[in-house]
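First the structure, in the form of structure tokens, and then the observations on it.
So you know, we letter chains A, B, ... as the sequences are listed, proteins then strands, and number each from 1.
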There are 2 protein chains.
Amino acid sequence: MTKTTFTIQELTALVTEIFAGAGLSTLHAEALAQVITSAERDACKSHGIYRIEGCLRTIKAGKVVADAEPVMTVDNSAIVRVDALGGFSSAAFEMGVSALASRVSDLGIAALVLNNCTHFSALWHEIELLTDRGLVGMAMCPSYACVAPTGGSEALLGTNPFAFGWPRAGGDPYIFDFATSVAARGEIELYRQAGKPLPEGWAIDATGNPTTDPSAALAGAMLPFGAHKGSAISTMIELIAGIMIGDATSVESLAALGSMTLAPTHGELILAFDPARFAAGHGGDPLQRAEKLFEAILGQGARLPSQRRFTARANAVTNGITLSADEVEVLNRLHSGGLSAID
Amino acid sequence: MTKTTFTIQELTALVTEIFAGAGLSTLHAEALAQVITSAERDACKSHGIYRIEGCLRTIKAGKVVADAEPVMTVDNSAIVRVDALGGFSSAAFEMGVSALASRVSDLGIAALVLNNCTHFSALWHEIELLTDRGLVGMAMCPSYACVAPTGGSEALLGTNPFAFGWPRAGGDPYIFDFATSVAARGEIELYRQAGKPLPEGWAIDATGNPTTDPSAALAGAMLPFGAHKGSAISTMIELIAGIMIGDATSVESLAALGSMTLAPTHGELILAFDPARFAAGHGGDPLQRAEKLFEAILGQGARLPSQRRFTARANAVTNGITLSADEVEVLNRLHSGGLSAID
């Protein structure tokens, strides 16, 4: 089968056209194409072009407002709020990021609250828009109820991603972004397709008992990473990135959609910090000091998170993004067929 | 052996006298006694009276300023800073908490930075001072380099505790507070004393290889909880609660003291949020909504973190705190002997 290589610009343009053809306004088509193409560029396939169909299914199901114009509220607090009004989250984040940075410049720390989003995004993509401005960032959001709390017997929490970024002068930022479940739901699906048992500790079945059977796990619930500690962090995310910001918990998000095959509806909490303002003349330049920590991690053979992504990115910038014939066929089908190409 | 039961007030007074007798100013003697007695009251023995000797050793070694008067800086930012000037951290926290709450009232979110502390405290104790005011709180700090990053071969990170609290109307708050290492150093010491092998995945030896030998682990390094995810969170804590606030990393803290038997010197980062301000009319009362989440966790048989502590506390309030004859003997020795009772 013939592979096809796209420049990043070419792939971004194609994905933008697919979304525009499916009825998204230019604002949303461009924002979503940016996220998906960035993920594909970084060989982060879980958020790459494979996700386009899910976004289109969500549009077709009428579960997202395709031309929503997000509304931003900035007041004298340290909280910037963007109401996505039922549109995809990426445009809402992009609308809020400048105001967030401005409040951080005034106050040293500020929060961005996104409400009423249909959420498709990799949090690292958002965090990079903060580190690009020299800010330290933290982001988290609920998802769907598919993870049981440690010691529990049924799905209550989401995969609830947690992401953090630290800017590095003249280099790629330090970024991590992970699900607080021990694995992603898609990974369990891959074990099922391969007919392989899951590792111990990943999941429980519908009766609440531990299982290594992928199908039983998909009918039951996943478990948090790191036992009770990961369960606590996931619960914190439900509390502060769901309930505290006046938006849906993972249980509420699933109840509203009734399906995990469409993009979930919920909010997101982003915190940003100005490291120079926090250091305030103590201890020297924080960015320089952090480099010593990173060198020490690498010097003993450990990796920094996102290293693989940045390596793939450097390759894509030089050599483009190569897709399989199957992948190109899907893109062409979606491009010519729009929503009618979706079941 | 005869056990002795103290009221909370009696034990607090006795511990305060021990610290005052060891040369701490009233400010610090009272603050430290409050933390230690609260831990003992909650049957949280790891931060209870057993820690008094370590504090006295730190005083005797001249590694803490026994009469430091913390200095607070409040400006028009969202960052309240308290420089402990080399004293114990608890009094610095108590000095800053009102100003932090005031900035949160103004801005919705604010940060408290503690610098130059000799750190002995349970973070949950500090978080409870925030939840008592109806605030949501998050706290973290480095410690000593005794944990290797995942994939690494030597100690670089600390046990770096992470704590979070959510206020509950008419009840004990939702609080968690855990080390980001898979276990506490003291737990490994208990395995060594019992001659038992460690569970897999807790530690590496001095050559960087996995070990279940407690002595080899103590000579090597502990591992983070939750593999690369916990390692990332621990690294984040070095970055934002060490470097960003212009204070020591866990490597620097250990280098400064040269010993893990004295209380470490470093800073601490506390974030506080006003849930009503964040919800701002969206989604209903966040505290009421959170109760549904807690009920769902308990309803499926899972526990809330800190439940055991609160049960022990309720018992201590009614029945007092009962100490063994050995424990009372130590307290009496420290009370009468002061620093000369310490090796």
Side-chain angles (χ1 to χ4, degrees), chain A residues 77-79 81 106-111 113 115 136 148-154 156 164 166 174 176 178 180 208 225-232 235-236 238-240 243-247 249 251 271 273 275 277-284 286 289-290 293 296-297 300-303 305, chain B residues 77-79 81 106-111 113 115 136 148-154 156 164 166 174 176 178 180 208 225-232 235-236 238-240 243-247 249 251 271 273 275 277-284 286 289-290 293 296-297 300-303 305:
Chain A
S77 80
I79 306 167
R81 183 182 294 271
D106 294 339
L107 297 169
I109 179 174
V113 167
N115 280 132
V136 173
T150 297
S153 58
E154 61 190 89
L156 177 69
F164 171 81
W166 177 277
Y174 175 90
F176 66 76
F178 56 72
T180 52
F225 91 101
H228 69 284
K229 296 180 182 183
S231 190
T235 304
M236 176 187 83
E238 297 286 337
L239 288 168
I240 65 176
I243 291 169
M244 186 176 82
I245 64 169
D247 219 307
T249 62
V251 164
L271 305 180
F273 310 76
R277 187 79 171 252
F278 268 87
H282 290 65
R289 290 182 64 206
L293 181 67
I297 292 171
Q300 59 174 271
R303 292 193 315 124
Chain B
S77 78
I79 306 167
R81 184 182 294 273
D106 293 339
L107 297 169
I109 178 174
V113 167
N115 281 131
V136 172
T150 297
S153 58
E154 60 190 271
L156 177 69
F164 171 81
W166 178 277
Y174 175 89
F176 67 76
F178 56 72
T180 53
F225 90 99
H228 69 283
K229 296 180 182 183
S231 190
T235 303
M236 176 188 83
E238 296 286 336
L239 288 168
I240 66 176
I243 290 169
M244 186 176 82
I245 65 168
D247 219 307
T249 61
V251 164
L271 304 180
F273 310 75
R277 188 77 172 255
F278 268 87
H282 291 65
R289 289 183 64 206
L293 182 67
I297 292 172
Q300 58 174 272
R303 292 194 316 127

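- In this structure, CD1 on A/I109 lies 4.5 Å from CG on B/L271, to the nearest 0.5 angstrom.
- Contacts of A/F225 classified as ring-ring contact (aromatic ring centres under 6.0 Å, His included), with partners at least two apart in sequence or in another chain: A/F178, B/F225.
- Neither the backbone nor the side chain of A/A227 comes within contact range of chain B; no heavy atom of the residue lies under 4.5 Å from a heavy atom of that chain.
- Residues forming a salt bridge (Lys or Arg N to Asp or Glu O under 4.0 Å) with B/R289 (at least two apart in sequence, or on another chain): A/E252.
- Looking at heavy atoms from C-beta onward, B/Q300 lies in side-chain contact with A/P149 at the 4.5 angstrom threshold.
- Between chain A and the options B/V113, B/D106, B/N115, heavy-atom pairs under 4.5 Å are most frequent for B/N115.
- Note that CE of B/M244 and CH2 of A/W166 are 6.5 Å apart. Values are rounded to the nearest 0.5 Å.
- Heavy atoms of A/T150 lying under 4.5 Å from chain B belong exclusively to its backbone.
- The side-chain heavy atoms of A/V136 and B/L239, taken from C-beta on, include no pair separated by under 4.5 Å.
- The distance from the OG1 atom of B/T235 to the CZ atom of A/F176 is 8.0 Å, given to the nearest 0.5 Å.
- For chain A, the option among B/G108, B/P305, B/A296, B/S153 with the highest count of heavy-atom pairs below 4.5 Å is B/S153.
- For the atom pair CG of B/L293 and OG1 of A/T249, the computed distance is 7.0 Å after rounding to the nearest 0.5 Å.
- For the set B/A111, B/G226, B/A279, the count of heavy-atom pairs under 4.5 angstrom toward chain A peaks at B/A279.
- With a 4.5 angstrom heavy-atom cutoff, B/R81 touches chain A only via side-chain atoms.
- Between B/I245 atom CD1 and A/F273 atom CZ the span is 11.5 Å, to the nearest 0.5 Å.
- In this structure, NE2 in B/H282 is found 8.0 Å from CG in A/D247, a value given to the nearest 0.5 Å.
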